[in-house]
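Each ligand, and each atom within it, is numbered from 1 in the order the structure gives.
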Amino acid sequence: MSASAATSAAPPAPLDIRGDFPVLARRIDGRPLVYLDSAATSQKPESVIAAIDDYYRHHNANIHRGVYTLAQEATEMFEGARARVAAFCGGVADTTIFTRNATEAINLVAYAWGREHIGRGDVVLITQMEHHSNIVPWQMLCQEVGAQLRYLDVGDDGALSLGQLDSELAGGRVKLCAFAHISNVLGTINPVAEMASRVRAAGAVSLVDGSQAVPQLPVDVGVIDADFYAWTGHKALGPTGIGVLHGRRELLERMRPFLGGGDMIRTVDWETSTWNDLPWKFEAGTSMVAEGVGLGAAIDYLAALGMENVRAHERELTRYALVRLGEVGGVRVIGPVGADERGGVISFEVEGIHPHDVADLINRENVCVRAGHHCAMPLMRRLGVPATARASLGPYNDRSDVDALVAALLKARDVFEIG
Ligand SMILES: Cc1ncc(COP(=O)(O)O)c(C=O)c1O
């Protein structure tokens, strides 16, 4: 597509929601904020902030145990949020476990399923594009039990090879395969349903890291049909401190608990205990009640926008950004070429300027991007770069944000006298 085609064609389903996000009204040094770091964390709409405020002002109590009105209200708000979060992702409440974040959800599987089912000589298969949170728990597990950690390669087009997946599975030693739905560096959208189905056919268990996907795409865990699907609330317009693990019931029921303590038990005797029903068996201690309520409000907001519309909006904005970045000399975008194959995560290099200097210079124009390894050091090694700059989109971004990024990059090049 030519630049003029991209700039003249209006996005098919533009969202106009910036006004719902209080922080985006902020000005720094008299100029507007250009927030392009949603892959790190999203901004929060007024409704999420209000839901948390309302919870603490009017309903705060510990849940599940109290008979008084406040405790019942708090329990209903938390469990109601769980039911809506589950439905939003095509799941059901009792197999939707609240964790602290995606990292904890993945660790839960590594400890509670992995320790019991993975042993010496087995293989855990992941990919070169994983976030550290989907690498390190498996490294720790493999070291502990004597299993081997193997990686699917990332091709030069930023994609994985299903052929390589098949040949790894054909080796017969893979017990678990874990992969991102959308890469937080490359933006690549992986064919997770197809991958999960091949993993299953080989008798192994699959885990999808959906941290970047749930905020960007319609996600139906029933259709994807992986054994585990993990994501994190703060990237999906929700508060920090809450993540989600959707699990296959048969596996969850047979798994040992992850953490022990209050709430996850049915009975406790001097020597032994018995476990609570799902999902509470995996939720030891006082839950993150306000965070659950906030996440419920976040997915209500996203559901009202319609995830098809969010995807369409961000895809068109990504398309526009790819074209506009192509106009800045010396910019190399990393990852899939087309907007259809990627989410709204755009890593790039500017020839002659270190990514940290890029981020620093464009921050002078209030343009917020991230520079570094993005918690994906093995992928940086695969790409042969120490770091990248990364602009990432949220549903509240529009073309003016991309234009501001491009203008700031042109200025940065002037500072370095490139061009
Ligand atoms: C793909 C991916 N997985 C996992 C995570 C970890 O999320 P959290 O730190 O909320 O657990 C991130 C966060 O950047 C991510 O981008």
Numbered in order shown, the ligand 1 atoms found under 4.0 Å of a heavy atom of Ser211 are 2 (C), 3 (N), 4 (C), 5 (C), 15 (C)

So, are Arg82 and Asp94 salt-bridged, with charged N and O less than 4.0 Å apart?
-> no

So, does Gln212 use its side chain to make a donor-acceptor pair with the main chain of Ala39 at under 3.5 Å?
yes

Aromatic ring pairing Trp231/His246, orientation class (parallel under 30°, perpendicular over 60°, tilted between):
parallel

If you scan protein heavy atoms around atom 2 (C) of ligand 1, the nearest is Asp209 OD2, 3.4 Å

> Are any side-chain N or O atoms of Arg342 and backbone N or O atoms of Leu186, one a donor and one an acceptor, separated by less than 3.5 Å?
Replying inline: yes

So for Thr232 against ligand 1, with non-hydrogen atoms under 4.0 Å, the contacting part is side chain

Check: Do the charged groups of Arg31 and Glu365 touch, with an N to O distance under 4.0 Å?
Finding: yes

Min over Ser133, Ser183, Ala180 of heavy-atom distance to atom 4 (C) of ligand 1 lands on Ser133

For this session: Check whether any heavy atom of His234 sits under 4.0 Å from an atom of ligand 1.
Result: yes

re atom 16 (O) of ligand 1, the protein heavy-atom contact at minimum distance is Gln212 NE2, 2.7 Å

message = Would Asp209 and His131 count as a side-chain hydrogen bond (donor to acceptor under 3.5 Å, both in side chains) here? Give the steps.
response = CA-CA 9 Å; Asp209 174 2; His131 186 279; 5.7 Å; no

shortest atom 11 (O) of ligand 1-to-protein heavy-atom contact is with Thr103 OG1, 2.6 Å

4.0 Å heavy-atom contact, Lys235 with ligand 1: yes

Quick check: Ile182 and ligand 1, any N/O pair under 3.5 Å apart? no

Atom 15 (C) of ligand 1 sits nearest the protein heavy atom His131 CD2, 3.3 Å

Determine whether Glu130 and Thr127 satisfy the following criterion, side-chain hydrogen bond (donor to acceptor under 3.5 Å, both in side chains), listing intermediate values before the conclusion. CA-CA 6 Å; Glu130 298 313 310; Thr127 88; 2.6 Å; yes

